[in-house]
Structure formats: C-alpha cells, structure tokens
Colleague: 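Quick one: this structure, given as structure tokens, is what I'll be asking you about.
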Amino acid sequence: MTEIRLHNTKTRTKEVFVPLDPQNVRMYLCGPTVYDRAHLGNARPVVVFDVLFRLLRLVYGAAHVTYVRNFTDVDDKINATARARKEAGALGTLEELIRARTEETIAWYHADMDALGALRPTLEPRATDFIGAMIAMIAGLIESGHAYAKDGHVLFRVRSYTNYGALSGRSVDDMIAGARVEVAPFKEDPMDFVLWKPSDADLPGWDSPWGRGRPGWHIECSAMSYELLGASFDIHAGGIDLQFPHHENEIAQSCCAHPEGQFARYWLHNEMLQVEGKKMSKSLGNFFTVRDLLDKGIPGEVIRFVFLQTHYTKPMDWTAEKAAQAEATLRKWRALTAGIEPAPSAAPEVIAALADDLNTAGAIAELHALASDPARLLSSAQLMGLLEPAMGAWAAAPQVDLTAHTARLSDLRAAAMVSKDFAPVDAMKAALVAAGVEVRMSKAGVELLPGAGFDAAKLPPL
RNA sequence: GGCGGGUUGGCGGAGAGGUUACGCAGCGGAUUGCAAAUCCGUGAAGACCGGUUCGAUUCCGGUACCCGCCUCCA
C-alpha cells in the first residue's frame with residue numbers, strides 16, 4: 001500500500017499517515033460561510049484538499065473515505081443581506097429570505113467549485129441543520145465547567161483548557177498582551193469566546209436553555225464533525241488563516257466536550273493566496289471571485305493547474321502570466337491525449353509525489369516527463385483532476401470547415417513553387433494567422449488548424 | 001509586541017548533503033520557399049553573514065527584506 005506522508009501542523013513535522021480505520025478514512029474541511037460568491041482564495045483549500053481526497057480514495061478505496069465539508073449558513077453578513085432585501089421590498093419572512101440567500105450562495109459555490117474540477121465531498125452539512133447538536137454540546141460544556149452562561153450569552157472558559165494555544169503556538173497570556181481581544185462585560189476573561197449569543201426579533205434565532213439565540217462561530221464545526229465523523233477522526237484541513245482562532249477554538253470545544261476522543265489527529269493548513277504579489281483585498285482593488293475569472297474566459301481547469309503548481313504549504317501567487325502558461329501546457333497535453341484511453345493506473349512517480357505531502361508541483365513535473373506516454377499521462381493527470389473529459393470543452397478546436405481555404409492556399413503555394421513568387425502565399429497565410437488559424441505547410445501538404453483565438457469573421461475571402 | 005511562512009537561474013517552481021529537476025522564455029541545429037508545429041542539443045541559480053562537514057543551495061545560528069495570522073472582508 002502506498003505510504004502517505006503529511007505535514008501535520010499540530011506537530012510541525014511530516015508524519016506517516018495512519019488512519020484510525022482504513023475502512024473509513026475521515027477528513028473534515030472547513031467550508032465556506034455562504035454569504036456571497038467564493039473569492040479566489042477560498043478556492044485554494046478546495047482544490048488542494050480535493051487532490052488529497054482523490055489520493056485517499058485511490059489508496060484506501062473510494063468507498064472507504066468520508067470527506068465532510070460544511071456550509072456555515074449562520075452569519076451576520078447573511079442576515080444583513082436578507083434584511084437589506086426585506087427593506088428593499090422583498091417578500092417573505094426574514095427566515096425565508098435568509099434561506100433563499102444561502103440556497104442561492106450554495107448553488108453558486110457548487111457551480112464554481114465544480115468548474116475547478118473539485119469532487120463533491122461525501123457530506124456537505126449545513127450548520128442550521130445541526131443547531132440541536134450545537135446546543136447539546138454547549139450544554140455539556142457548561143455542565144463540565146468549560147463554559148458559562150451570562151446575559152443570554154454562553155462563553156467558553158479558555159482557562160479551563162490547559163492545552164489552549166498548542167496548535168497555533170501561542171499562550172493565552174501572550175495573546176492578552178497583544179491586547180487585541182474583545183473585552184465585554186459578560187466575559188470572565190477577555191480571551192473567552194462566544195458559543196451562543198442572543199438574537200433579537202429581527203435576527204434569526206433558535207430556542208435554547210439560554211433563551212432565543214444563535215450559535216457563535218467555531219461551534220458548528222465541532223458539532224458537525226462530532227456528529228458525522230465521531231470524537232476522533234483522521235484529518236482536519238483548512239486555510240492557515242483559520243489556524244487561530246477558529247481551529248484552536250474547535251479543538252478546545254471538542255476536546256473538552258469529548259475528552260474520550262482525540263478530535264482531529266492530522267491538521268493540514270494551506271498557505272494564503274496572493275494576486276500579482278500582493279494580498280487580495282478589496283481596498284487594493286485586486287479582489288475577485290472564481291466566477292469573475294471563469295467569466296473572463298479562464299477555464300476552471302487552468303485555475304486548478306495554476307493552484308497545483310505551487311506546494312500547498314507555500315504562499316501562492318496568482319498571476320495572469322501563470323494562467324497563460326498553464327493554458328498552453330494544458331492545451332498541449334489535451335492535444336497529445338486526444339482520442340486516447342487512459343492507462344489503467346496512474347504513473348507510480350506521480351502517486352509517489354502526491355503521497356509525499358501532496359507535492360503537486362513535483363507531480364506536475366512528472367506529468368511533463370510522461371509526454372511520451374499519452375495514456376499514462378492521461379490517467380496520471382486525471383488522478384489530480386486534470387485532463388478530465390468533462391472539463392475540456394474550452395480546449396476543443398472550433399468546429400469549422402476550412403477545406404476551401406486549405407485548397408486555395410495549397411493551390412497558391414503550388415503556383416508559387418513554380419513562379420518563385422511567394423507573396424500571394426504569404427499574404428493569405430498572414431490573413432489566416434490573423435484569424436486565429438495555425439498554418440502548417442510541409443512536403444505532405446497544407447494543414448489549417450483553428451486555434452484558441454479563432455474568429456471566422458477575419459478569414460480571408462476566397 | 002506575539003506566532004507562523006517565504007527569499008532558488010530571465011520568469012515560474014521542486015527534490016536531494018556530493019551526480020541534469022522540470023516547465024516557459026532564450027540560444028544553436030534539424031525540418032520549412034519563409035514560417036508555424038515538431039524533434040535534437042544548450043547556457044543560466046540558490047538573499048546576506050557565520051558555523052558544522054572532506055564537501056551545503058540542501059543541516060545549524062544570525063542579519064536583511066517580503067508576506068500572513070493575532071481584528072469584520074480567507
């Protein structure tokens with residue numbers, strides 16, 4: 001069996017991956033808060049850990065991997081959008097408008113991630129379907145002294161969990177020294193974080209022992225991972241930005257609520273995405289969504305390829321130049337593998353690279369080496385979610401009949417061979433190239449191939 | 001202030017203590033009327049300063065610079 005090694009953020013070392021149960025390998029990825037379109041940075045963990053999902057399925061069998069990625073559909077930004085719509089005259093209750101907004105956003109998310117070639121996870125739970133489980137977990141935490149209720153809020157007592165800060169390498173005292181924590185009158189300690197908060201009439205809320213309210217951020221992942229994967233499971237993944245406080249708080253909640261378990265055993269974090277060397281942010285004006293790129297005509301497969309060219313533990317820079325190069329490479333490979341059946345298995349070198357802490361860049365280098373073996377190239381690329389037939393429409397040659405142009409150019413060329421005046425041939429060739437046609441002339445004859453930028457309107461008249 | 005990541009040839013980007021990464025671009029050649037495409041070949045690196053070592057781009061320490069998290073926009 002292929003030995004998979006993964007960099008575990010928890011231990012800061014690369015470890016051999018040994019699942020608790022090879023019959024059911026369990027992975028949890030923190031999914032999106034569904035308030036708007038996913039931006040490009042949101043897509044990196046999806047693509048990176050999709051490769052891990054595929055690798056685990058290969059090694060343990062597709063039926064023996066459970067991949068959970070949640071939708072957080074409780075959030076103040078969702079509430080704000082719903083309220084704005086209501087004020088603008090939208091029909092329905094606030095709850096219905098919230099539901100409509102999250103349904104809409106989830107559909108966008110699915111469409112966008114599908115376009116990137118990401119497999120759907122085994123389970124995609126919604127936070128609002130697990131409110132009861134969250135309330136139960138919070139109640140248990142209060143009972144065991146790890147949480148307390150105050151003024152309609154429930155807070156996690158950070159000092160009650162001695163390992164708090166272990167994942168991110170911080171101590172509670174250091175963090176307080178940083179003085180960037182919200183101080184609130186209902187907190188025993190400034191580091192304590194909210195498990196439950198009250199909702200007023202125009203906010204969504206659920207009845208609870210602490211009054212009508214809604215869950216704080218963090219608890220949904222603890223509750224859902226417990227319900228769906230158990231008190232101990234194998235892999236927990238997400239962006240490095242989530243390491244603190246989100247994952248730290250998840251660990252505190254889950255380990256205190258279920259001391260019999262060990263929660264997640266391997267923590268994987270991807271580094272951040274940048275755009276042309278800078279952080280993507282609205283203020284810099286370089287903020288864009290996956291859909292923006294797709295709408296610009298950049299195929300999802302190209303985005304995926306660019307992502308996989310950089311190891312997931314390193315910051316990744318999105319540049320137009322990379323997208324162009326990725327497109328050229330994929331176009332070449334698609335031409336090379338057109339009409340070829342994939343080999344029964346991926347190349348061992350590619351599997352080995354992926355098994356070595358998801359060295360996708362190394363795996364791509366191995367793909368280049370497989371250019372002489374298209375069937376193997378195809379099966380290997382497909383293991384990484386590339387060169388899938390369903391994703392290749394963008395690379396298909398435009399369907400046009402150029403036989404008349406071919407014959408015309410061929411005739412001109414034959415005449416020029418005799419007259420030695422190649423000007424008419426060159427003129428027609430230039431016109432064809434301008435129309436986006438690749439012109440190949442050899443002893444065998446003339447061949448015209450419409451390319452990416454083909455424009456029938458620019459074809460030279462016959 | 002605390003924690004973490006990065007710095008490799010023109011560009012992108014890996015692995016490995018000692019032998020070619022790889023891709024793109026460039027250059028030379030084959031081929032072509034000229035090109036394109038394809039094929040063959042090829043130059044080019046490891047931020048800086050120390051240390052360990054027979055030998056370090058690879059290990060250790062330090063410096064500089066860049067970036068992220070600690071705060072609602074990942």
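Throughout, a chain's letter reflects where its sequence line sits, starting with A, and its residues are numbered from 1.
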Colleague: Looking across every strand, which nucleic acid part, if any, lies under 4.0 Å from A:Phe244 by heavy atom: base, sugar-phosphate, or nothing?
Modeller: sugar-phosphate

Colleague: Scan nucleotides 59-68 of chain B against the protein and return all N/O pairs shorter than 3.5 Å with their distances rounded to 0.1 Å.
Modeller:
residue : atom : partner  : partner atom : Å
B:C67   : O2'  : A:Gln274 : NE2          : 2.8

Colleague: Check whether any side-chain nitrogen or oxygen of A:Lys77 sits under 4.0 Å from OP1 or OP2 of B:C72, and answer yes or no.
Modeller: no

Colleague: Using a 4.0 Å heavy-atom cut-off across all strands, classify A:Val433 as base, sugar-phosphate, or nothing.
Modeller: nothing

Colleague: Under 3.5 Å for both distances, Watson-Crick or G-U wobble, that's the pair rule; now give the dot-bracket for RNA chain B, with | marking pairs to another strand and [ ] for crossing ones.
Modeller: (((((((..(((.....[...))).(((((.......)))))....(((((..]....))))))))))))....

Colleague: Base, sugar-phosphate alone, or nothing: which one does A:His39 contact when heavy atoms must sit under 4.0 Å apart?
Modeller: base

Colleague: Among pairs that include at least one residue of residues 347-375 of chain A, which meet ring-ring contact (aromatic ring centres under 6.0 Å, His included), considering only residues two or more places apart or in two chains?
Modeller: A:Trp333-A:His368

Colleague: Is the ring pair A:Phe193/A:His218 parallel, tilted or perpendicular, if the boundaries are 30 and 60 degrees?
Modeller: perpendicular

Colleague: Starting at NE2 of A:His7, measure out to OH of A:Tyr312 and round the result to the nearest 0.5 Å.
Modeller: 7.0 Å

Colleague: In Å, rounded to the nearest 0.5 Å, how long is the span from OG of A:Ser222 to CG of A:Leu195?
Modeller: 9.0 Å

Colleague: Measure from the side chain of A:His368, starting at C-beta and using heavy atoms only, and say which of B:G23, B:A14, B:G33 lies closest.
Modeller: B:G23

Colleague: How would you label the contact of A:Gly239 with the nucleic acid (heavy atoms, under 4.0 Å): base, sugar-phosphate, or nothing?
Modeller: nothing

Colleague: Does any residue of residues 345-359 of chain A have a heavy atom under 4.0 Å from RNA chain B, and if so, which ones, in number order?
Modeller: A:Asn359

Colleague: About how many Å separate NE2 of A:His146 and CG of A:Asp192, when rounded to the nearest 0.5 Å?
Modeller: 12.5 Å

Colleague: Identify, between A:Arg440 and A:His311, the residue whose nearest nucleotide on RNA chain B lies closer to the 5' end.
Modeller: A:His311

Colleague: Between A:Phe244 and A:Tyr164, how do the two ring planes meet: parallel, tilted or perpendicular, split at 30° and 60°?
Modeller: perpendicular

Colleague: Could I get the full list of salt bridge (charged side-chain N to carboxylate O under 4.0 Å, His left out) partners for A:Glu276, not counting sequence neighbours?
Modeller: none

Colleague: Short of 4.0 Å, heavy atom to strand atom, which residues of residues 320-338 of chain A count as contacting RNA chain B?
Modeller: A:Lys322, A:Gln325, A:Lys332

Colleague: Rounded to the nearest 0.5 Å, how far does NZ of A:Lys197 lie from CZ of A:Arg214?
Modeller: 5.0 Å

Colleague: Determine the interplanar angle of the A:His247 and A:His236 rings, folded into 0 to 90°, and report it as parallel if under 30°, tilted if 30 to 60°, perpendicular if over 60°.
Modeller: perpendicular

Colleague: Counting the atoms with a prime plus P, OP1 and OP2 as sugar-phosphate, which does A:Tyr312 contact under 4.0 Å by heavy atoms, base, sugar-phosphate, or nothing?
Modeller: nothing

Colleague: Quick one: label A:Leu449 by what it contacts on the DNA or RNA (base, sugar-phosphate, nothing), any heavy atom closer than 4.0 Å.
Modeller: nothing

Colleague: What distance separates A:Leu52 CG from A:Leu6 CG, expressed to the nearest 0.5 Å?
Modeller: 6.0 Å

Colleague: With the side chain of A:Arg413 defined as its heavy atoms from C-beta on, choose the nearest nucleotide among B:U32, B:A21, B:G4.
Modeller: B:U32

Colleague: Hey, is NZ on A:Lys14 packed in by over 12 heavy atoms from elsewhere, all under 6.0 Å?
Modeller: yes

Colleague: Do any N or O atoms from the side chain of A:Asp73 and from the backbone of A:Arg126 form a donor-acceptor pair under 3.5 angstrom?
Modeller: no

Colleague: Answer whether the closest heavy-atom distance between the side chains of A:Val59 and A:Met1 falls below 4.5 Å.
Modeller: yes

Colleague: Rounded to the Å, how far apart are A:Leu273 CG and B:G6 P?
Modeller: 17 Å

Colleague: Does A:Asp426 get its side chain close enough to the base of B:G33, under 3.5 Å, for a donor-acceptor pair?
Modeller: yes

Colleague: Please state whether the phosphate of B:G13, meaning OP1 or OP2, lies under 4.0 angstrom from any side-chain nitrogen or oxygen of A:Thr310.
Modeller: yes

Colleague: Want to settle it: does A:Ala423 or A:Gly41 sit nearer the 5' end of RNA chain B, counting the closest nucleotide to each?
Modeller: A:Ala423

Colleague: Give a yes or no on whether a salt bridge exists between A:Arg265 and A:Glu15, defined as a side-chain N under 4.0 angstrom from a carboxylate O.
Modeller: no

